[in-house]
There are 2 protein chains.
Amino acid sequence: MPTAAAIIIGNEILSGRFPDGNGPYIVKRLRELGTDLERMSVVPDKVQAIADEVAWCRGRYDHVLTTGGIGPTHDDVTLEGIARGLGTTLERRPELVEVLRRRRGREPSGAALRMTQIPRGARLLWGGEISFPVVVCQEFIVLPGVPRIFRLKFEAVSHLLVGRPRSALALRSRQRETDVADRLGRAAREFPQVSIGSYPRWDAGDYSLLITLESREAQPLQACRDLLLTLLDCDEVP
Amino acid sequence: MPTAAAIIIGNEILSGRFPDGNGPYIVKRLRELGTDLERMSVVPDKVQAIADEVAWCRGRYDHVLTTGGIGPTHDDVTLEGIARGLGTTLERRPELVEVLRRRRGREPSGAALRMTQIPRGARLLWGGEISFPVVVCQEFIVLPGVPRIFRLKFEAVSHLLVGRPRSALALRSRQRETDVADRLGRAAREFPQVSIGSYPRWDAGDYSLLITLESREAQPLQACRDLLLTLLDCDEVP
């Protein structure tokens with residue numbers, strides 16, 4: 001199954017000036033699309049911080065989404081960070097200059113021209129409702145930070161991110177987590193294809209433990225559920 | 001000023017089974033406490049993924065908060081990951097066995113005993129409303145994932161995280177970001193003590209650009225605001 005990582009870029013997220021809506025959107029959509037998000041990080045608008053994270057992710061995931069830092073201002077350094085992390089440099093792309101020229105009806109300014117410099121050899125993905133293309137550089141898909149535009153662009157490239165969704169179910173128990181941990185461990189060893197999660201709850205009335213099961217394979221998922229229903233004092237969440 | 005990083009540990013966050021509330025809580029509280037959050041990452045319940053992130057963060061920040069993965073079940077591997085990332089091993093701590101013994105009125109089971117094994121040489125912080133202490137290992141502060149307990153424990157150690165809050169203000173403009181980018185860059189160079197952010201808005205009625213200024217020093221913050229009020233067509237957000 002395809003795997004993905006996400007790099008959320010922006011001082012405003014780390015400082016708490018604005019809440020991050022793009023990270024949760026990526027989590028939700030990748031779950032729906034069936035691609036496994038294996039890492040997410042939030043880093044500041046600093047070239048080296050972005051480059052370090054890019055270098056770390058390189059070659060480890062099928063896709064790496066970045067959000068933020070691709071506008072015209074001094075703190076938009078994502079493309080420079082990606083280039084440095086990949087050991088390449090930026091180059092001006094005439095197609096992008098042409099987009100800006102058409103949009104404004106005149107030659108783009110110095111600041112706007114920053115947006116036309118992208119890592120050497122990057123691909124440009126056009127289409128959907130977007131006027132400025134999405135930059136794709138090896139496995140790195142470069143998305144903006146402004147939530148409305150971010151979502152448009154995410155959806156314009158979402159066909160690249162299609163995997164196979166998991167099936168999920170949940171059990172609830174009145175037992176304590178420490179009293180069932182050994183049996184959950186046994187089920188986890190017996191069904192390696194099933195991801196088993198265990199979450200104590202204090203806010204759920206008459207039960208105290210939520211156990212989640214997820215798998216891309218229907219048969220082990222059901223068999224694991226059946227095993228846990230016999231091992232534990234629990235029932236399935238409707 | 002003190003700096004911090006946060007490592008959010010849990011498959012359930014990456015898979016989208018549960019939304020992460022602890023990361024946003026850390027962002028909000030560190031802002032209030034005046035400590036700069038410089039990195040946040042979400043990693044799965046895998047020993048090596050945690051160890052890699054711990055090794056990366058080690059020595060780079062004054063504090064590193066981890067959340068999640070410290071219960072008794074098979075997927076609770078945070079302490080093992082921290083030990084591996086720091087190049088040490090786990091050791092059983094009699095004080096923690098005693099806490100569990102008192103809480104349950106009998107000898108702790110095999111699974112519960114997992115919670116008594118912590119990285120060699122770690123400190124235990126007691127106090128506040130918590131019965132089980134917070135494990136602190138060098139600059140790593142190990143917090144649970146269950147939101148209610150996470151918040152109690154965060155507050156019990158929040159005195160360690162006190163820095164100096166920034167002052168903030170915001171300007172709004174009807175100009176386009178590309179048309180003011182050069183002047184924002186000039187202000188950023190002139191006032192390195194001020195963090196300047198620029199955020200296009202499509203949902204804010206009669207203005208299209210929000211400019212945020214933050215600083216720990218009052219005088220440069222005001223001077224930077226005054227400069228931008230003369231350079232741009234903008235006013236201060238009341």
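The figures that follow rest on heavy atoms only: side chains count, while hydrogens, waters and symmetry mates do not. In what follows, every chain begins at residue 1, and chains take the letters A, B, ... in the order their sequences are listed.
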Novice: If we define contacts as heavy-atom pairs under 4.5 Å, which of A:L100, A:I149, A:T73 has the most with chain B?
Specialist: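 The residue among A:L100, A:I149, A:T73 with the greatest pair count is A:T73.
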Novice: Please classify the contact between A:A112 and chain B as side chain, backbone, both or neither, with a heavy-atom cut-off of under 4.5 Å.
Specialist: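 Contact with chain B involves both backbone and side-chain atoms of A:A112.
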Novice: Counting heavy-atom pairs under 4.5 Å to chain B, which of A:R166, A:R176, A:E32 comes out on top?
Specialist: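 Counting heavy-atom pairs under 4.5 Å, the top option is A:R176.
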Novice: Below 4.5 Å, heavy atoms only, C-beta onward: do A:N11 and B:E214 meet side chain to side chain?
Specialist: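 No, too far: nothing below the 4.5 Å cut-off.
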Novice: Any side-chain heavy-atom pair from B:R39 and A:L14 closer than 4.5 angstrom?
Specialist: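 The answer is no; the side chains never approach within 4.5 Å.
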Novice: Between chain B and each of A:A6, A:S15, A:G71, count heavy-atom pairs under 4.5 Å; write down the option with the most.
Specialist: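 If we count pairs closer than 4.5 Å to chain B, A:S15 comes out on top.
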Novice: Given heavy-atom pairs under 4.5 angstrom as the criterion, report whether the side chain, backbone, both or neither of A:S198 touches chain B.
Specialist: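 It is both, since atoms from each part get that close.
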Novice: More than 12 heavy atoms of other residues, nucleotides or ligands under 6.0 Å from CZ of B:R174: is that the case?
Specialist: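 Result for CZ/B:R174: open.
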Novice: Kindly determine whether A:E12 and B:T212 satisfy side chain to side chain contact (heavy atoms under 4.5 Å, CB included), including the steps that lead there.
Specialist: CA-CA 9 Å; A:E12 74 280 11; B:T212 60; over 6 Å; no
Novice: Non-hydrogen atoms of chain B under 4.5 Å away: do they reach the side chain of A:D182, the backbone, both or neither?
Specialist: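 Interface part for A:D182: both.
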Novice: Using heavy-atom distances under 4.5 Å, tell me whether A:R17 contacts chain B through its side chain, its backbone, both, or neither.
Specialist: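 Both backbone and side chain.
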Novice: Is it the side chain or the backbone of A:D179 that comes within 4.5 Å of chain B heavy atoms, both, or neither?
Specialist: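 Side chain of A:D179 only, per the 4.5 Å heavy-atom cut-off to chain B.
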Novice: Find the distance between CG (B:D45) and CD1 (A:I196) and round it off to the nearest 0.5 Å.
Specialist: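 Interatomic distance, B:D45 CG to A:I196 CD1, rounded to 0.5 Å: 12.5 Å.
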Novice: Please classify the contact between A:P200 and chain B as side chain, backbone, both or neither, with a heavy-atom cut-off of under 4.5 Å.
Specialist: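 When you check distances to chain B, atoms from both the backbone and side chain of A:P200 fall under 4.5 Å.
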Novice: With respect to chain A, which residue among B:K28, B:R189, B:E53 yields the maximal number of heavy-atom pairs within a distance under 4.5 Å?
Specialist: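 Winner by heavy-atom pair count: B:E53.
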Novice: At a heavy-atom separation under 4.5 Å, does B:L210 approach chain A through its side chain, its backbone, both, or neither?
Specialist: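 Contact with chain A is through the side chain of B:L210 alone.
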Novice: From A:I8 CD1 over to B:S41 OG, what is the distance, rounded to the nearest 0.5 angstrom?
Specialist: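 One finds 12.0 Å between CD1 of A:I8 and OG of B:S41.
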Novice: Of all of B:I7, B:D52, B:D76, B:V180, which one pairs up most often with chain A through heavy atoms under 4.5 Å apart?
Specialist: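 Top option by heavy-atom pairs under 4.5 Å: B:D52.
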Novice: Could you pull out the closest heavy-atom pair between B:T178 and A:P72, with the gap in Å?
Specialist: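 Heavy atoms of B:T178 and A:P72 come nearest at CG2-CG, 3.6 Å.
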Novice: Report which part of B:R60 has an atom under 4.5 Å of a heavy atom belonging to chain A: side chain, backbone, both, or neither.
Specialist: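 Contact with chain A is through the side chain of B:R60 alone.
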Novice: In Å, rounded to the nearest 0.5 Å, how long is the span from CD1 of B:I13 to CG of A:L37?
Specialist: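 Reported to 0.5 Å precision, the distance equals 11.0 Å.
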Novice: Tell me, side chain or backbone of B:R114 under 4.5 Å from chain A's heavy atoms, or both, or neither?
Specialist: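 Nothing of B:R114, per the 4.5 Å heavy-atom cut-off to chain A.
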Novice: Distance from A:M115 atom CE to B:E177 atom CD, nearest 0.5 Å?
Specialist: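 Going from CE on A:M115 over to CD on B:E177, the span is 8.0 Å.
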Novice: Chain B heavy atoms under 4.5 Å from A:R104: which part of the residue, side chain, backbone, both or neither?
Specialist: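 For A:R104, the side chain is the part near chain B, not the backbone.
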